[in-house]
A.B. asks: 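Let me give you the structure first, and then I'll get to my questions.
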Amino acid sequence: MTINRPGLPQDLPPAGTLWARWALIAALGATTAGEQRPSAHRTGRWIDDDGLHWDDGGCTWWVMSSRGDGRYVLYGEDESSETKWHEPPVDMLAGGPAWLPWDELRDRLSGNELGCVYWYENEAWARAPYPDSLDDDGLDCGMDTLADRAQAVELVAERLAPVDDGPDADALLAQAETGRLQDVATLLARACDPDGDEPDPSAVARALTRSGLIGEPAVG
């Protein structure tokens, strides 16, 4: 899947699919030490009570939150975004529904920390209208690896120890996307950190539960 510049709502996969991909990748890399670190000091992909996060520690950060009843919000910034510098100013919240986290978004806007906002309800993504002169909102650089399923499979594969039998990364991602993660105990035993750190199955299990991929979700 190719994301346009600036992004279009139809560039994103359905919210449940995007959530499942992001959540599985984040969960497989979860650690107890990471859970205990304040969000502002974390990098990589993770899940907490505010939702899913992606922060490269430099030029891009993103958050996806479940708002209940099939509603989601995706917001963040990449340095490629031109929205906050555009003249005349772009109202990134124009047309936003009442259930958005308005205080959080307005706080980000006041600090010049927001590049774009997308929201999902009634099985469709939407965003504020953009002027024709806006070249980029950063969505491509933020969501390209998750919008493209092949790239998402690669990220899952990096976090799985290989086995002779059992589902591969593609099959596991398909399970997550359909809400049917199977043989969780084996999955926890296969989780490995792509950076070579020791695996932390208990943290992985907590992240999977929090995301709703197993058990009852703790967010949304």
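Numbers here simply count residues along the sequence, with the first being 1. Keep in mind that this is a model prediction, so the values were computed, not measured.
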A.B. asks: Let me confirm one number: the CD1-CD1 distance from I47 to I25, rounded to the nearest 0.5 Å.
C.D. replies: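 Reported to 0.5 Å precision, the distance equals 12.5 Å.
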
A.B. asks: Using 0.5 Å steps for rounding, measure from the CG atom of D140 to the CD1 atom of I3.
C.D. replies: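 Output value for this atom pair is 5.5 Å.
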
A.B. asks: Going by side-chain hydrogen bond (donor to acceptor under 3.5 Å, both in side chains), name the residues that satisfy it together with T145, two or more places apart in sequence or in a different chain.
C.D. replies: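 For T145, the residues satisfying side-chain hydrogen bond (donor to acceptor under 3.5 Å, both in side chains) (neighbours in sequence not counted) are R45.
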
A.B. asks: Does D56 use its side chain to pair, donor to acceptor, with the backbone of C59 at less than 3.5 Å?
C.D. replies: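 Side chain of D56 to backbone of C59: a pair is present.
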
A.B. asks: If every non-hydrogen atom of D55 is compared with every non-hydrogen atom of G58, which pair is closest and at what distance?
C.D. replies: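 Looking at all heavy atoms of both residues, the shortest contact is OD1-N, 4.3 Å.
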
A.B. asks: Is there a side-chain contact between Y120 and P14 in this structure, where contact means two heavy atoms from C-beta onward sitting under 4.5 Å apart?
C.D. replies: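 Yes, side chains in contact.
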
A.B. asks: Report the C-alpha distance between R206 and T32 in whole Å, list the side-chain angles of each, state the deciding distance to 0.1 Å, and finish with yes or no for side-chain hydrogen bond (donor to acceptor under 3.5 Å, both in side chains).
C.D. replies: CA-CA 9 Å; R206 287 191 294 271; T32 301; 3.0 Å; yes

A.B. asks: Looking at L173, D170, D168, which hits side chain to side chain contact (heavy atoms under 4.5 Å, CB included) with V156?
C.D. replies: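 When side chain to side chain contact (heavy atoms under 4.5 Å, CB included) is applied between V156 and each of L173, D170, D168, only L173 qualifies.
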
A.B. asks: What is the distance from atom CG of D136 to atom OG of S81, rounded to the nearest 0.5 Å?
C.D. replies: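 Here the interatomic distance stands at 6.5 Å.
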
A.B. asks: Report the distance from atom SG of C141 to atom CD of E79, rounding to the nearest 0.5 Å.
C.D. replies: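 The CD atom of E79 is 8.0 Å from SG of C141, to the nearest 0.5 Å.
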
A.B. asks: Enumerate the salt bridge (charged side-chain N to carboxylate O under 4.0 Å, His left out) contacts for residues 120-129, please, sequence neighbours excluded, ordered by first and then second residue.
C.D. replies: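 Sorted pair list: R71-E121.
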
A.B. asks: Counting C-beta onward and ignoring hydrogens, is there a side-chain heavy-atom pair between L139 and P6 closer than 4.5 Å?
C.D. replies: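 The answer is no, as the side chains (C-beta and beyond) never meet within the 4.5 Å cut-off.
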
A.B. asks: For a quick test of reading the model, state the closest non-hydrogen atom pair linking G34 to T31 and the distance between them.
C.D. replies: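 Nearest heavy atoms, G34 then T31: N-OG1, 2.9 Å.
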
A.B. asks: Are P101 and V73 close enough that some pair of their side-chain heavy atoms sits under 4.5 Å apart?
C.D. replies: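 Yes, at least one pair of side-chain atoms sits under 4.5 Å.
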
A.B. asks: A side-chain contact here means heavy atoms from C-beta on lying under 4.5 Å apart; do E113 and Y75 qualify?
C.D. replies: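 Side chain of E113 against side chain of Y75, heavy atoms only: no contact under 4.5 Å found.
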
A.B. asks: Please say yes or no: joined through hydrophobic side-chain contacts below 4.5 Å, possibly via intermediate residues, are L8 and M64 part of one cluster?
C.D. replies: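 No; tracing contacts between hydrophobic side chains, which count when under 4.5 Å, never links both residues.
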
A.B. asks: With sequence neighbours excluded, tell me which residues meet ring pair (Phe, Tyr, Trp, His ring centres under 6.0 Å) with W46.
C.D. replies: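 With sequence neighbours excluded, W46 shows a ring pair (Phe, Tyr, Trp, His ring centres under 6.0 Å) to H53, given in chain and number order.
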
A.B. asks: Salt bridge check, K84 against E77: does any charged N sit closer than 4.0 Å to a carboxylate O?
C.D. replies: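 Between K84 and E77 there is a salt bridge, with a charged N closer than 4.0 Å to a carboxylate O.
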
A.B. asks: In Å, rounded to the nearest 0.5 Å, how long is the span from CG of L114 to CD of E104?
C.D. replies: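 The distance works out to 9.0 Å.
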
A.B. asks: Can D137 and Y118 be said to form a side-chain contact (heavy atoms from CB on, under 4.5 Å), step by step?
C.D. replies: CA-CA 11 Å; D137 67 352; Y118 287 72; 2.6 Å; yes

A.B. asks: Taking it one step at a time, do L187 and L160 satisfy side-chain contact (heavy atoms from CB on, under 4.5 Å)?
C.D. replies: CA-CA 8 Å; L187 174 60; L160 286 175; 3.7 Å; yes

A.B. asks: Tell me if a side-chain donor or acceptor on E177 pairs with a main-chain N or O of T17 at a distance below 3.5 Å.
C.D. replies: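 No, the answer is negative, given that no donor and acceptor are paired below the 3.5 Å cut-off.
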
A.B. asks: Would the Y72 and W119 ring centres measure less than 6.0 Å apart?
C.D. replies: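 For Y72 and W119, the ring centres are not under 6.0 Å apart.
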
A.B. asks: Cluster question for you: counting only ILVMFWY and a side-chain heavy-atom cut-off of under 4.5 Å, with indirect links fine, are L134 and W125 together?
C.D. replies: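 Same cluster.
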
A.B. asks: Do L105 and W62 belong together in a cluster built from hydrophobic side chains that touch within less than 4.5 Å?
C.D. replies: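 Linked, L105 and W62 end up in one cluster.
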
A.B. asks: Do other residues, nucleotides or ligands put more than 12 heavy atoms under 6.0 Å from D103 CG?
C.D. replies: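 At most 12 heavy atoms, drawn from other residues, nucleotides or ligands, come within 6.0 Å of this atom.
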
A.B. asks: Would you sort out whether L24 and L208 count as a side-chain contact (heavy atoms from CB on, under 4.5 Å), showing the intermediate values?
C.D. replies: CA-CA 7 Å; L24 182 59; L208 289 172; 4.3 Å; yes

A.B. asks: Looking only at non-hydrogen atoms, find the nearest pair between A147 and D11 and report the distance.
C.D. replies: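 Shortest heavy-atom separation between A147 and D11 comes out as CB-O, 4.2 Å.
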
A.B. asks: Quick check: closest heavy atoms across D50 and V63, and the distance to 0.1 Å?
C.D. replies: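 Closest approach of D50 to V63, heavy atoms only: O-CG1, 4.3 Å.
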
A.B. asks: I'd like to know if the side chain of R159 and the backbone of L155 have a donor-acceptor N/O pair within less than 3.5 Å.
C.D. replies: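 Yes, R159 side chain to L155 backbone: donor-acceptor pair under 3.5 Å.
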
A.B. asks: Hydrophobic cluster membership, with links at side-chain heavy-atom distances under 4.5 Å among I/L/V/M/F/W/Y: are W102 and L74 in one?
C.D. replies: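 Same cluster: W102 reaches L74 through Ile, Leu, Val, Met, Phe, Trp or Tyr contacts under 4.5 Å.
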
A.B. asks: Do P13 and R149 make a side-chain contact, defined as non-hydrogen atoms from C-beta onward lying under 4.5 Å apart?
C.D. replies: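 A side-chain contact under 4.5 Å is absent here.
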
A.B. asks: Any heavy-atom pair between the side chains of D135 and R5 that's under 4.5 Å?
C.D. replies: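 Side chain of R5 against side chain of D135, heavy atoms only: no contact under 4.5 Å found.
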
A.B. asks: What is the minimum heavy-atom distance between L52 and A23, and which atoms define it?
C.D. replies: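 That closest heavy-atom pairing would be CD2-CA, 3.7 Å.
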
A.B. asks: Hey, is R210 close enough to D48 for a salt bridge, meaning N to O under 4.0 Å?
C.D. replies: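 No salt bridge links R210 with D48.
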
A.B. asks: Nearest 0.5 Å please: distance from the OG1 atom of T2 over to the CG atom of D148.
C.D. replies: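 CG of D148 is found 7.5 Å from OG1 of T2.
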
A.B. asks: Start with the C-alpha distance between D200 and S202, add both sets of side-chain angles, then the distance that settles side-chain hydrogen bond (donor to acceptor under 3.5 Å, both in side chains), and finish with yes or no.
C.D. replies: CA-CA 6 Å; D200 192 339; S202 61; 3.0 Å; yes

A.B. asks: Looking at every heavy atom in both S133 and H86, which two are closest together, and how far apart are they?
C.D. replies: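 That closest heavy-atom pairing would be OG-NE2, 2.7 Å.
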
A.B. asks: Please test R190 against L172 for side-chain contact (heavy atoms from CB on, under 4.5 Å), starting from the C-alpha separation and ending with a verdict.
C.D. replies: CA-CA 12 Å; R190 294 179 61 190; L172 281 169; 3.9 Å; yes

A.B. asks: Please tell me whether W99 and W19 are part of a single hydrophobic cluster in this structure, the criterion being side-chain heavy atoms less than 4.5 Å apart.
C.D. replies: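 The answer is yes; both residues are in one hydrophobic cluster.
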
